[in-house]
Amino acid sequence: MRSFLLSLLLLGSLPAMAGKRGPVVALTVAPAQLGLPQVELTGDVKLSDRSSVAGILAFNLEDVVRFHHAGGQYRYTFTGDWSRGTFLGGEIVTGDASWTHERDDGVSAGAFVGGRYTFAPALTLEGAVGGRGWWAGRKLYPGVILNLGIGWSF
């Protein structure tokens with residue numbers, strides 16, 4: 001309960017922080033995944049001008065909406081800044097690895113390079129590409145990270 005209240009306090013303070021230093025949160029959706037049909041939402045929170053952490057939630061939209069995968073990322077901006085720059089990052093994702101929606105639960109870890117551009121009034125476009133390893137069952141499968149997102153920063 002205490003962590004829930006702390007989370008609400010943090011979320012409530014984000015708009016005030018954004019007014020002083022510009023956007024501090026970017027919420028994006030991956031439009032290409034809607035054709036799977038799947039929706040993936042990413043929330044990226046600025047830690048400093050050069051670093052951020054992101055949370056990922058995805059849901060399968062076939063028949064009944066169900067959890068598909070979830071994960072987290074760390075991003076370090078090496079050119080520009082958080083709103084308009086190029087970043088390196090790493091991610092860990094757990095859940096279903098397949099794009100065919102056959103159950104293939106496991107854990108993925110990977111690294112990527114990407115970029116974000118925030119327009120006025122805060123329309124945000126971002127993309128990243130990289131590689132990953134997916135552990136499912138007792139096997140390691142190589143894979144690709146391809147993230148394209150459109151959303152809003154505040």
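FYI, the numbering just counts along the sequence from 1.
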Just how far is it from atom [atom1] of [X] to atom [atom2] of [Y], taken to the nearest 0.5 Å?
X      : Y      : atom1 : atom2 : value
Ser108 : Arg132 : OG    : CZ    : 4.5 Å
Tyr76  : Leu88  : OH    : CG    : 9.5 Å
Leu148 : Leu125 : CG    : CG    : 10.0 Å
Ser153 : Leu27  : OG    : CG    : 8.0 Å
Ser52  : Asp44  : OG    : CG    : 3.5 Å
Phe119 : Thr124 : CZ    : OG1   : 9.0 Å

Within-4.5 Å side-chain heavy-atom neighbours: [X] and [Y]:
X      : Y     : value
Asp49  : Thr77 : no
Arg66  : Asn60 : yes
Phe112 : Glu91 : yes

Heavy atoms only: give me the nearest Trp134-Gly95 pair and the separation to one decimal. CZ2-O, 3.3 Å
Closest contact, heavy atoms only, Pro23 versus Lys46: O-CD, 3.7 Å
Closer than 4.0 angstrom, basic N to acidic O: yes or no for Asp81 and Arg50? no
Would you call Arg75-Glu126 a salt bridge at under 4.0 Å N-O? yes
Expected output: side-chain [X] to main-chain [Y] donor-acceptor under 3.5 Å:
X      : Y      : value
Thr28  : Gly151 : no
Arg116 : Trp82  : yes
Thr94  : Gly106 : yes

Does [X] belong to the same Ile/Leu/Val/Met/Phe/Trp/Tyr cluster as [Y], with side-chain heavy atoms less than 4.5 Å apart forming each link?
X      : Y      : result
Val24  : Trp152 : yes
Phe67  : Val107 : no
Trp135 : Ile56  : no
Leu146 : Phe87  : no
Leu41  : Leu123 : yes

Please walk me through it: do Asn147 and Gln73 pass side-chain contact (heavy atoms from CB on, under 4.5 Å)? CA-CA 12 Å; Asn147 294 328; Gln73 297 178 338; 3.5 Å; yes
Could you walk me through whether His68 and Phe59 satisfy the side-chain contact (heavy atoms from CB on, under 4.5 Å) test, starting with their C-alpha distance in whole Å, then the side-chain angles of each, then the deciding distance to 0.1 Å, before giving a yes or no? CA-CA 5 Å; His68 192 266; Phe59 299 93; 5.6 Å; no
State, without any angle test, whether His69 and Glu40 hold a side-chain donor-acceptor pair at a distance under 3.5 Å. yes
Within a reach of under 6.0 Å around CD1 of Ile92, are more than 12 heavy atoms found that belong to other residues, nucleotides or ligands? no
